[in-house]
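Comments concern the structure below.
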There are 2 protein chains.
Amino acid sequence: MIKHIIGNIDFIESLRGKKATFMLALSNTKTANIEGITQAGIPGMIHLTPTLDSEFVCTGEVRSLENIAETPKGVPTPALITRGVHLLAPYGRVELLDLGLEVKPKVDYFRLHSFGVEPSENIAKGAKIDAEALFQKGVEFGKSYECKDEYIILGESVPSGTTTAMATAIGLKYKADYAFSSSFKNVPNNIREKTLKLALSNLEEKDDIFAVLSKLSDNMLIFNAGFIVGLNNRVPLVLAGGTQMACVLLIVNRMLQLMGSTISTTNLALCTTKWVAKDENSDIEALLELLKFPINAYYSNFDFSLSSHPALKLYDQGEAKEGVGAGGALMYGILNGLTKEQITQKVEDFLR
Amino acid sequence: MIKHIIGNIDFIESLRGKKATFMLALSNTKTANIEGITQAGIPGMIHLTPTLDSEFVCTGEVRSLENIAETPKGVPTPALITRGVHLLAPYGRVELLDLGLEVKPKVDYFRLHSFGVEPSENIAKGAKIDAEALFQKGVEFGKSYECKDEYIILGESVPSGTTTAMATAIGLKYKADYAFSSSFKNVPNNIREKTLKLALSNLEEKDDIFAVLSKLSDNMLIFNAGFIVGLNNRVPLVLAGGTQMACVLLIVNRMLQLMGSTISTTNLALCTTKWVAKDENSDIEALLELLKFPINAYYSNFDFSLSSHPALKLYDQGEAKEGVGAGGALMYGILNGLTKEQITQKVEDFLR
């Protein structure tokens, strides 16, 4: 039920039955305000998506808007999957990382880690992130973080995050632009290409790695790269995401190369959905093969073939693929004995 | 599904997936010997109910009597629910508080906290509790208690406890006598009123709060009020009960008012059954609204509508409503992924 993309199955099997902390990295980039660049949310309300996603995962309620984020075609957010698994095989706890949100999630009692980070700008005009300081915040958090469960699943909700991830990888001189997925089936390449061209035009010859990240990236990518370096293999960590989480690893990889250093990655893995792993418009395996360090990567072999709900079938048709840690959530459910039937049923319950 | 009575869902959602210590506060008051005042047990053997309940929750066996306590109409003890959840989604541990038992539960290996407390007298003649000393014991226990799980669920088994709770609330000058439930459907108001009248006739003008409690209360109510004050928000605590646990909070509230002090209650909640929350003969919400401090209160949206067992249907008909922490047990089961079907099935298994 969990399949490996690269590496072998042992790491993830060793986590079977263990409790995980589910951590959600939340961020806004104004890149998402470019019309048509993302379908992760309600038009005009895209910036609310990470806020609503996290409210729903924590409480089962959407508080900062009437209805849960749906894409224009009516694809429900993958937060339904993440919450559904939590109802059936609960995570040890859910914690939120505010990495620059327009609107704070309205939840009490849940740990909301804040780092004094503002939403980043549109990369077409330069993201204007203090990348060095933000990376450092991630390192510090990784060094000091005390995990109260046996491992961490780290998901994200960052609208237009695949665009900033692609820009980041190109800016860091990886030849992998073809390999990035988007939450669109018919990836809006025109809008994206135009945005990327504008973004890349801001680069200058003298730009170092932090300058590149400052212009092209988003807060989630930079912070999480720092988090991985700071955590330094101390706690098993599953990056729950697709090409965006692969980009986090690409940042770590470039940083290590620059410093001529290495970190152990035996406790680090990536787990995404089948929709990403089998996506014809992207190639996560190719991205992961660019890394100089070994990595285990997996996908959860789950789809909505057991469902007849039209909104969920859109996932199987490639309209939505990943986000809010859905791939890692499915993995957690599978590792804790859930069946495809149970998960499908629970997600369908939300749509009644 | 867990629903809130007052407050919001966040506190209880933050406990989803976490292990709890299930603590059972056990006590006898001779008030239960008044004929017809309670149906929590076997006539003539009512005093054994907390002993048998705790034996059954811990071991699945009833040791101090042949058969598990049934009420005259054959309503099985809510301990079946508490034990059933423990079999499906086990508590981290079960611990017992002996707050004055006629007969000690015959269990090995389980932690039985003893405080040198004797069963209290019939309130009609004055309960004769050393309330100040008992409250102090609760405070000390709360201060020193080391929770080995992430939170505490505190249930109770005290036959005729709703009568002593009502007497206590009236004695403390809360105008809320109409708001108290009983384990009877047709609340035996005549017997109860007579008992209450006799009990209240023992009060004297000069009686301070401890004098009132000494005459009208039961050990569980007083000790648990002290426990809450002593624990002082240090560990999340879910009071698993209905109007009796609400009365514990009323004692805490009056004590704080008298001392002009406050405690933080962000880590304190009450969770009861649907049968109490929807009971037409009592009003737990009204009781909780008398408190001067904020409190989250919930009920577990569980009933026996999936069962056809006549003894269990009596719950849905209002013959039994709460006890042995059943509401909190159901909450724990739901927070750990159990379905209504699973719990119903497991409880039915005990009756085969």
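The structure displayed is predicted, hence computed values, not measured ones. Quick note on labels: first sequence line is chain A, next is B, and so on, each numbered from 1.
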- Under 4.5 Å from a heavy atom of chain B, the part of A:Val94 involved: neither
- Message: I'd like to know if A:Arg83 pairs up with B:Glu13 as an ion pair, taking the criterion as any Lys NZ or Arg NE/NH1/NH2 lying under 4.0 Å from an Asp or Glu carboxylate oxygen.
- Response: yes
- For B:Leu335, is it the side chain, the backbone, both, or neither that has a heavy atom closer than 4.5 Å to a heavy atom of chain A? backbone
- Side-chain contact, heavy-atom cut-off 4.5 Å: A:Leu87 with B:Arg16? yes
- Query: Would the number of heavy atoms belonging to other residues, nucleotides or ligands and lying under 6.0 Å from CE of A:Met1 be above 12?
  - Reply: yes
- Item | Spatial distance of atom CG (A:Asp108) from atom CD1 (B:Ile9) [nearest 0.5 Å] | 12.0 Å
- Find the distance between OH (A:Tyr91) and NZ (B:Lys18) and round it off to the nearest 0.5 Å. 14.0 Å
- Message: Check this for me: does any side-chain nitrogen of one of B:Asp10 and A:Arg63 sit under 4.0 Å from a carboxylate oxygen of the other?
- Response: yes
- Message: Tell me whether the count of non-hydrogen atoms from other residues, nucleotides or ligands lying under 6.0 Å of NZ in B:Lys143 goes above 12.
- Response: no
- Query: Is a salt bridge present between A:Lys148 and B:Glu150, judged by a nitrogen-to-oxygen distance below 4.0 Å?
  - Reply: no
- Query: Which atoms of A:Glu61 come close to chain B, meaning under 4.5 Å heavy atom to heavy atom: side chain ones, backbone ones, both, or neither?
  - Reply: side chain
- What one should report as the nearest heavy-atom pair of B:Gly17 and A:Pro90 is CA-CB, 3.2 Å
- Please round to the nearest 0.5 Å and tell me the distance separating atom OG1 of B:Thr266 and atom OH of A:Tyr109. 5.0 Å
- Message: Would you compute the distance between atom OG1 of B:Thr339 and atom CG of A:Leu88 and round it to the nearest 0.5 angstrom?
- Response: 9.5 Å
- Item | Residue A:Lys346 versus chain B: region with a heavy atom under 4.5 Å | neither
